[in-house]
Amino acid sequence: LVQLLESGGGSVQAGGSLRLSCEASGVSATAYCMAWFRQRPGQEREGVAGTDVRGPRTYRTTYADSVKGRFVVTRLNRNTLVLQMDNLTPEDTATYYCTARNDDICSLRMPDQYDSWGQGTQVTVSL
């Protein structure tokens, strides 16, 4: 059973930056993709950024259109996923979740396919 633990959320003003981290435990397979989703109050969970597995320590990153050019996702190793968020806007306010699945591909459009989820970390951006 893979367990995920997020950290790094908080409150910032618009234009500011935050860095989220996710530590996974129990990842035994090399083909285990990881991704970030977020959920705003009253809305469905949406994909933010993902890392598809392309080989040993080789990953392909994907992004939602709303965060391209502002967010950067990095898979540091098999167990660690980082999301650098710059130029934040109030629309980025949400609970951010780290997720993983035992597969090469982490689609940002199908949250139901994931095996494991973290508890979430709150990001609040004010004007």
Quick check: is [Y] connected to [X] through a chain of hydrophobic side chains (ILVMFWY, heavy atoms under 4.5 Å apart)?
{"X": "V123", "Y": "L81", "value": "yes"}
{"X": "V27", "Y": "L83", "value": "yes"}
{"X": "V48", "Y": "V82", "value": "no"}
{"X": "Y59", "Y": "I105", "value": "no"}

Under 3.5 Å, is there a donor-acceptor pair between the side chain of [X] and the main chain of [Y]?
{"X": "R40", "Y": "E91", "answer": "yes"}
{"X": "Y114", "Y": "S107", "answer": "yes"}
{"X": "Q39", "Y": "A94", "answer": "no"}
{"X": "T99", "Y": "S116", "answer": "yes"}
{"X": "Y63", "Y": "V73", "answer": "yes"}

Test log, rule side chain to side chain donor-acceptor pair (under 3.5 Å), inputs E23 and T80: CA-CA 5 Å; E23 290 291 334; T80 307; 3.1 Å; yes
Side chain to side chain, [X] and [Y], heavy atoms closer than 4.5 Å:
{"X": "C106", "Y": "T62", "answer": "no"}
{"X": "D115", "Y": "Y32", "answer": "yes"}
{"X": "L20", "Y": "M85", "answer": "yes"}
{"X": "T89", "Y": "R70", "answer": "yes"}
{"X": "C98", "Y": "W36", "answer": "yes"}

From [X] [atom1] over to [Y] [atom2], what is the distance, rounded to the nearest 0.5 angstrom?
{"X": "D52", "Y": "D104", "atom1": "CG", "atom2": "CG", "result": "8.0 Å"}
{"X": "Y97", "Y": "R45", "atom1": "OH", "atom2": "CZ", "result": "4.5 Å"}
{"X": "L4", "Y": "N79", "atom1": "CG", "atom2": "CG", "result": "10.0 Å"}
{"X": "L88", "Y": "F71", "atom1": "CG", "atom2": "CZ", "result": "5.0 Å"}
{"X": "T61", "Y": "R54", "atom1": "OG1", "atom2": "CZ", "result": "10.5 Å"}
{"X": "D92", "Y": "S66", "atom1": "CG", "atom2": "OG", "result": "7.0 Å"}

What is the minimum heavy-atom distance between [X] and [Y], and which atoms define it?
{"X": "D86", "Y": "S17", "value": "OD1-OG, 2.7 Å"}
{"X": "A35", "Y": "L108", "value": "CB-CD2, 4.3 Å"}
{"X": "T51", "Y": "C33", "value": "O-CB, 3.3 Å"}
{"X": "M34", "Y": "A24", "value": "CE-CB, 4.1 Å"}
{"X": "L127", "Y": "Q13", "value": "O-NE2, 4.4 Å"}
{"X": "A64", "Y": "G47", "value": "CB-O, 3.4 Å"}

Walk me through whether V67 and R38 qualify under side-chain contact (heavy atoms from CB on, under 4.5 Å). CA-CA 12 Å; V67 306; R38 67 185 181 187; 4.1 Å; yes
With a 6.0 Å cut-off (strictly less than), is the heavy-atom count around CZ of R57, excluding the residue itself, greater than 12?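 No, because the 6.0 Å sphere around CZ of R57 holds 12 heavy atoms or fewer from other groups.
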Flag yes if more than 12 heavy atoms outside Q43 fall under 6.0 Å of its CD atom; otherwise flag no.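 More than 12 heavy atoms, drawn from other residues, nucleotides or ligands, come within 6.0 Å of this atom.
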Partners meeting side chain to side chain donor-acceptor pair (under 3.5 Å) with Q3 (sequence neighbours left out):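 Q3 satisfies side chain to side chain donor-acceptor pair (under 3.5 Å) with no residue once adjacent residues are dropped.
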So, using salt bridge (charged side-chain N to carboxylate O under 4.0 Å, His left out) as the criterion, who are the partners of R19 when residues are at least two apart?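 R19 satisfies salt bridge (charged side-chain N to carboxylate O under 4.0 Å, His left out) with no residue once adjacent residues are dropped.
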